[in-house]
Structure formats: C-alpha cells, structure tokens
Amino acid sequence: MNPEYLIAFLASTAGAATPLVFASVGELVAERSGVLNLGLEGMMLVGAVVGFSVTLGTGSAGLGLLAAMAAGMAMALLFGFLVLTLQTNQVATGLALTLFGVGLSAFAGRGLVGQTVEPLAKLSFPLLSDIPFLGPLLFRFDAMVYASVLVVVAVGWMLARTRLGLLIRAVGESPHSAHAIGFHVIGLRYGSVMFGGAMAGLAGAYMSLALTPMWVEGMTAGRGWIALAQVVFATWKPRGVLLGAYLFGGVTVLQFHGQGLGLAVPSEFLSMLPYLATIAVLVYICRDPKTILLNKPMSLGQNFKAD
C-alpha cells in the first residue's frame with residue numbers, strides 16, 4: 001500500500017473520530033450521573049448550524065465554537081428542565097429533543113445552504129511536523145483533534161480522582177443514598193447534562209467548520225446515535241470512548257477510501273458500514289449481560305424526586 005495513501009486514510013480517521021469523541025464523552029458524563037439523553041443527534045445539529053452561522057457572520061471560528069457550545073447547553077437545559085424538574089420520561093423526552101433539533105436546525109439553516117467558511121487551520125509543530133510518516137500522521141491536525149483527546153483524559157481523571165467525579169458517580173449509582181447524606185442530586189445531574197450538551201454542540205460545530213466547512217441539512221447523518229452506542233461499547237469508561245470513536249471513525253472513512261484501497265465492494269455496502277459496525281459492536285457487548293451490569297450506572301434512565 002502507498003504510504004502516502006495510508007497516511008491520508010489514518011489522518012482522515014482522526015478527523016472523523018473527533019466529533020464522535022466530543023459527543024460520546026459528554027454523554028458518558030451525563031449517563032454516569034444517571035441521565036440518559038437520546039437527544040444527541042438534535043443537539044449536534046443545532047450546534048452545527050449555530051457554529052457555522054456565527055463563524056460565517058463574524059469570521060471567527062473561535063466564536064463559532066463557543067456559540068455552538070452555548071446552543072448545545074441551551075438544548076440540554078431544555079432537556080434537563082423537562083426530565084429533572086418536570087420528571088418526564090427520559091427516553092421519550094430525548095427522542096422528542098432529537099426531532100426538535102432536526103427541525104430547528106433545518107429551519108435556522110435555510111439561508112445558509114451553499115455558503116462556505118474557511119476550515120479550521122491545521123497546526124504545525126516545528127521539526128515534529130517534518131518527521132517522515134509520523135509528522136503528518138500526528139502533528140498536522142487542527143487544534144480540536146488534540147483538544148478531544150485532552151477532554152477524554154481530563155474527564156477520566158475527573159471521574160476517577162476528584163471529589164466532583166465521586167459525586168457524579170454516586171448520584172448515578174444511588175441517588176437516594178446521595179441525597180440522604182446531603183448531596184444535591186438534581187444540581188449535579190443538571191451540571192452533567194449541561195456538560196454533555198456543550199460537548200454535543202462542539203461536536204456538531206466541528207462537522208460544519210472542519211470536516212465539511214459548510215451547512216448541509218441533516219449533516220450529522222446519525223453520528224449522534226453512533227455516539228450513544230459508543231458509550232455502551234466503552235462500558236462507560238472514557239478510554240473506551242476514545243478507542244471506540246477511532247474505530248468507528250476508521251469504518252466511516254473506509255466507505256470513502258474503499259475503492260482507493262482496492263476493495264471490490266459495492267458502494268452501497270460501504271455506506272452501510274458505520275451503522276452495521278454499530279449494530280455488530282452492540283450485539284457483541286450485550287452477549288455478556290454481566291459486563292453491562294457491572295459497569296452501567298444503576299440508576300441510568302430513572303428519574304429522581306427528593307422526598
């Protein structure tokens with residue numbers, strides 16, 4: 001195989017994995033607190049259209065990313081109000097949020113179709129970027145690729161090593177016990193859901209500002225659902241989220257590079273690969289219920305109301 005083609009394939013995998021990393025690590029924190037948010041797809045689409053719109057209007061990608069995070073948090077706040085304050089069903093509310101986000105993003109983006117922005121700039125590290133093979137493979141990405149890895153490391157450290165992480169895990173495992181000893185369960189869940197919304201908005205903005213620097217209706221193409229599956233694949237562990245994102249990212253890129261790699265496979269089958277991989281992984285993980293039960297937060301998907 002041509003080394004340059006291999007580098008291009010692996011570099012594309014990192015780009016495709018980045019929005020999945022952001023979305024799934026945010027959802028992981030929400031689920032570790034006991035909240036199941038199925039609205040990722042809608043939040044990513046809203047983040048994508050808001051990030052693109054602000055970047056187009058101001059010329060600043062940084063402002064676009066911040067606006068996308070704010071939009072994702074606003075969507076998450078709506079979800080949190082319905083689920084945590086009004087005690088609605090988490091599954092039904094998440095599905096409704098996705099439908100709302102799909103419609104809202106399509107409406108807001110009507111005047112943006114066909115316009116483009118400058119993609120996020122690639123970083124260049126003196127000397128390191130010029131190393132044969134490793135240089136273009138590791139040191140020529142935009143800042144968000146590196147930020148996604150740092151977020152995973154930071155979340156893993158936070159959940160395992162800090163008091164905040166302990167509290168989040170406590171309210172996810174036994175909210176009534178956490179409440180009994182004085183912890184604010186609803187407040188912690190609100191914070192976790194808002195973080196998940198910010199990450200989903202950031203994931204959407206990365207797609208409209210870096211992967212394909214334009215707005216296209218429905219451009220997330222199911223990645224929100226794949227991010228949800230990744231959390232289960234990772235058994236609610238941050239390092240597993242990173243591994244899963246790059247695995248799914250590679251499968252996603254394969255559909256575009258398959259012919260170049262000499263794969264005599266119909267293009268329709270290659271287009272199905274990311275979703276087939278998602279189903280296959282979930283079937284593989286769920287074949288051993290003990291693995292799920294040992295790692296799944298005990299109160300996941302269950303509402304809490306203080307007595």
Side-chain angles (χ1 to χ4, degrees), residues 12-13 15-24 26-27 37-57 61 64-65 67-76 78-79 91-117 119-120 144 148 196-231 245 248-256 267-279:
S12 298
T13 296
T18 297
L20 295 175
V21 173
F22 281 123
S24 54
E27 176 64 15
N37 185 358
L38 298 183
L40 277 186
E41 185 83 358
M43 292 193 297
M44 287 177 67
L45 282 169
V46 170
V49 71
V50 169
F52 180 81
S53 177
V54 171
T55 300
L56 184 66
L65 293 170
M69 292 176 70
M73 291 177 72
M75 292 283 284
L78 173 61
F79 174 80
V91 173
T93 305
L95 293 174
L97 187 70
T98 287
L99 296 175
F100 175 69
V102 170
L104 179 62
S105 63
F107 177 78
R110 288 180 304 169
L112 302 175
V113 177
Q115 302 189 61
T116 60
V117 295
L120 297 180
M144 298 304 294
S148 67
M199 292 297 99
L202 196 58
Y206 186 79
M207 295 195 65
S208 62
L209 298 180
L211 285 187
T212 53
M214 63 176 66
W215 165 250
V216 178
E217 184 178 334
M219 66 186 307
T220 52
R223 285 177 176 82
W225 302 108
I226 292 176
L228 281 163
Q230 278 182 197
V231 177
F248 285 111
V251 174
T252 301
V253 169
L254 185 60
Q255 66 178 299
F256 303 111
S267 59
E268 293 81 5
F269 180 80
L270 291 175
S271 298
M272 292 190 298
L273 276 180
Y275 312 103
L276 291 176
T278 301
I279 295 171

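Scanning all heavy atoms of the two residues, the minimum distance from A17 to A245 falls at CB-O, 3.3 Å. Between S148 and V21, the shortest heavy-atom contact is O-CG1, 3.6 Å. Across every non-hydrogen atom of T116 and L56, the tightest pair is O-CD1, 3.7 Å. Residues P213 and A210 come closest through the heavy atom pair CD-O, 3.9 Å. Contact between T13 and G249 at its shortest, heavy atoms only, is CG2-C, 3.9 Å. The shortest heavy-atom contact between V50 and A71 is CG2-CB, 3.8 Å.
Listed by first and then second residue, the side-chain hydrogen bond (donor to acceptor under 3.5 Å, both in side chains) pairs involving residues 199-226 are E41-T220, D142-Y206 (not counting sequence neighbours).
Counting only heavy atoms from C-beta outward, the side chains of L95 and L99 never approach each other to under 4.5 Å. Residues M43 and F79 are not in side-chain contact: their nearest non-hydrogen atoms beyond the backbone lie 4.5 Å or more apart. Between N37 and L97 the shortest side-chain heavy-atom distance falls below 4.5 Å. When side chains are defined from C-beta on, V113 does not count as touching V216, because their heavy atoms never get closer than 4.5 Å. Taking the side chain as every heavy atom from C-beta outward, L211 and P19 approach each other to under 4.5 Å.
Remark: M207 CE to L45 CG distance equals 8.5 Å, nearest 0.5 Å. Rounded to the nearest 0.5 Å, atoms CE (M44) and CE (M219) are 9.5 Å apart.
Remark: the backbone N or O of V49 is not paired with any side-chain donor or acceptor of S53 at under 3.5 angstrom. A distance-only check finds a donor-acceptor pair linking the side chain of T98 to the backbone of L38 [under 3.5 Å].
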Would you give me the side-chain donor-acceptor pairs under 3.5 Å for residues 196-205, sequence neighbours excluded?
none

